[in-house]
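Structure, as C-alpha cells:
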Amino acid sequence: MRRWFVACEPAVGGLGVSLLATPAAGERRGFAAAGPTPGMEASVIGDLLPRDRRREQPAIVVPATDRAMSYHDFFTNAYKSGNVLRFLGVREAATVAVDITPAPEPLLAFLGAAQLGAVTTFEPTSEARVTLVPVAEEAAYDLPPGAKLAVYGGPPESPATTHWEQEVWSENPGFPETPVDPDSPVVRADGEPYSHRDLLAAGDDVVDALALDGDSRLAIRTPLAAPATLVGLVAALAAEATAVLVGDSERPVDADAALVAADVTAPEPVLVSVDAVSL
C-alpha cells in the first residue's frame with residue numbers, strides 16, 4: 001500500500017500538484033461512525049462523520065438543483081443511509097451500485113456503504129446487492145433474485161422497489177460502531193478497487209495543496225462518477241469545509257478553491273487538477 005504526498009509548483013491559474021509515492025504507515029483497523037479522537041488521523045471513511053461535528057454549516061451544496069445540506073443533516077442522513085443499506089442486506093465487502101446524478105443521495109449512499117465496509121461503484125449495471133438509481137430509470141432495471149433496487153428523487157412505481165428517501169427518513173438517526181479495515185476497498189471504478197486508506201490519503205493531500213479549512217468552499221468540478229469526486233468530498237469533510245458539487249462544468253459557483261477535471265477551466269483562485277490526484 002502506498003500513501004500519496006503533495007509536491008506543489010506554481011501554475012497558471014492556481015496550483016500545479018504532483019503526488020509522490022512513499023510507503024504507508026502501520027496497519028490499523030478503524031471504527032465506522034465513531035469518529036477520530038482529537039489529534040488522531042481518520043483511518044476509515046466513517047471516521048469523518050463524528051456526531052460532535054454536526055452543525056448548521058453547509059456540508060454539501062448542489063447548485064444544479066439548488067440543494068444544500070448542513071453538516072448536521074448530512075451526517076445524520078449518512079448514518080441513516082448505512083442503516084437502510086444494512087436492512088437491505090448490505091454487509092462487509094458487498095457491492096452497492098449507484099447511478100450518480102447531481103444530488104446528495106448518491107454520496108450519502110457511498111458514505112452509508114463505507115460505514116458498513118461495503119464497496120460502492122458508480123457503474124449502476126454492475127452486479128450488486130443493492131442498486132440505487134434515479135426514479136426515472138426504475139423501469140430500466142430487472143435485477144436478479146436476491147438483489148435489491150432502490151430509487152431516489154421520487155416514489156417508485158413497483159412496490160418491490162425501495163423508495164430511498166422515505167426509508168432514510170424513517171431510519172434510526174444513529175449508526176453503531178462497525179469495525180472496518182482501512183485497506184479494504186471502499187469504491188471500485190473501471191475494475192480498480194480503491195481503499196479507505198487510498199481515498200483518505202488523497203483527500204488529505206488536496207486539503208494541504210489548497211490550504212482548506214472550515215471556512216473554505218471547495219468546488220468539485222469532476223465527472224460525477226470519477227473517484228476524484230469522492231476525493232473532493234473526503235477533502236471537504238476532512239477540512240470541515242463545504243463541498244460544492246458541480247460536475248465537469250465551468251458554471252460559476254460560490255467557491256474559493258476547486259478540484260477540476262483536466263479539460264475544465266475553473267474560475268476559482270486556487271485549484272488542483274484531477275490528473276494530479278493519483279490513487
Side-chain angles (χ1 to χ4, degrees), residues 4 11 13-19 45 59-69 95-111 113-114 119-126 128 131-134 136-137 140 152-153 185-195 198-203 205-207 209-210 212 217-238 241-255 257-268 270-279:
W4 297 93
L15 297 176
V17 180
S18 60
L19 301 178
I45 298 298
I60 187 168
V61 174
V62 187
T65 53
D66 195 26
R67 294 183 64 188
M69 294 185 77
T95 297
V96 176
V98 179
D99 187 352
I100 187 169
T101 64
E105 286 75 19
L107 298 180
L108 289 167
F110 159 72
L111 293 172
V119 184
T120 297
T121 177
F122 292 131
E123 299 165 2
T125 58
S126 298
T131 298
L132 177 65
V133 301
E137 301 298 320
Y152 65 94
V186 69
V187 66
R188 187 176 64 250
D190 297 324
E192 290 293 324
Y194 300 92
S195 71
D198 293 334
L199 286 190
L200 288 167
D205 294 335
V206 171
V207 171
L210 297 176
L212 300 180
R217 293 175 64 93
L218 175 65
I220 305 174
R221 298 180 175 276
T222 60
L224 294 178
T229 294
L230 297 180
V231 172
L233 175 67
V234 165
L237 295 179
T242 297
V244 183
L245 188 64
V246 185
D248 51 349
S249 166
E250 298 177 10
R251 66 176 292 169
V253 298
D254 180 12
L259 177 64
V260 301
D263 55 350
V264 171
T265 301
E268 287 75 29
V270 291
L271 59 90
V272 171
S273 170
V274 67
D275 283 351
V277 179
S278 299
L279 288 170

Legend entry - T121 and V98: CA distance, side-chain angles, deciding distance, side-chain contact (heavy atoms from CB on, under 4.5 Å) verdict: CA-CA 6 Å; T121 177; V98 179; over 6 Å; no
Would you be so kind as to tabulate the donor-acceptor pairs closer than 3.5 Å made by side chains of residues 243-252, with sequence neighbours excluded?
unit_1 : atom_1 : unit_2 : atom_2 : d
S249   : OG     : R251   : N      : 3.0
E250   : OE2    : T265   : N      : 3.3

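Of the inter-residue distances, the one linking D99 atom CG with E123 atom CD reads 11.5 Å to the nearest 0.5 angstrom. Within the model, atoms CG of L230 and CD1 of I45 stand 8.0 Å from one another, a figure rounded to the nearest 0.5 Å. The distance from atom CD of E137 to atom OG1 of T131, rounded to the nearest 0.5 Å, is 12.5 Å. Remark: M69 CE to I60 CD1 distance equals 8.5 Å, nearest 0.5 Å. Of the inter-residue distances, the one linking L259 atom CG with L233 atom CG reads 11.0 Å to the nearest 0.5 angstrom.
Residues V253 and R217 have side chains not in contact (no heavy-atom distance under 4.5 Å, counting atoms from C-beta outward). L271 has its side chain out of reach of R221: every pair of non-hydrogen atoms, C-beta onward, lies at least 4.5 Å apart. When side chains are defined from C-beta on, Y152 counts as touching P134, because their heavy atoms get closer than 4.5 Å. The closest side-chain heavy-atom distance from V186 to F110 is below 4.5 Å.
Nearest heavy-atom pair across P106 and F122 is O-CE2, 4.4 Å. Considering every non-hydrogen atom in both P124 and V133, the closest pair reads CB-CG1, 4.3 Å. Counting all heavy atoms, side chain and backbone alike, A103 lies closest to V62 at N-CG1, 4.1 Å. Shortest non-hydrogen contact noted between L210 and A258 is CD1-O, 3.9 Å. Nearest heavy-atom pair, L218 versus G232, reported as atom, atom and distance to 0.1 Å: CD2-O, 3.5 Å. Contact between T120 and A109 at its shortest, heavy atoms only, is OG1-O, 4.4 Å.
Using modelled atom types, no side-chain atom of T242 and backbone atom of A236 make a donor-acceptor pair closer than 3.5 Å.
For the salt bridge (Lys or Arg N to Asp or Glu O under 4.0 Å) condition, no pair includes a residue of residues 227-237, sequence neighbours left out.
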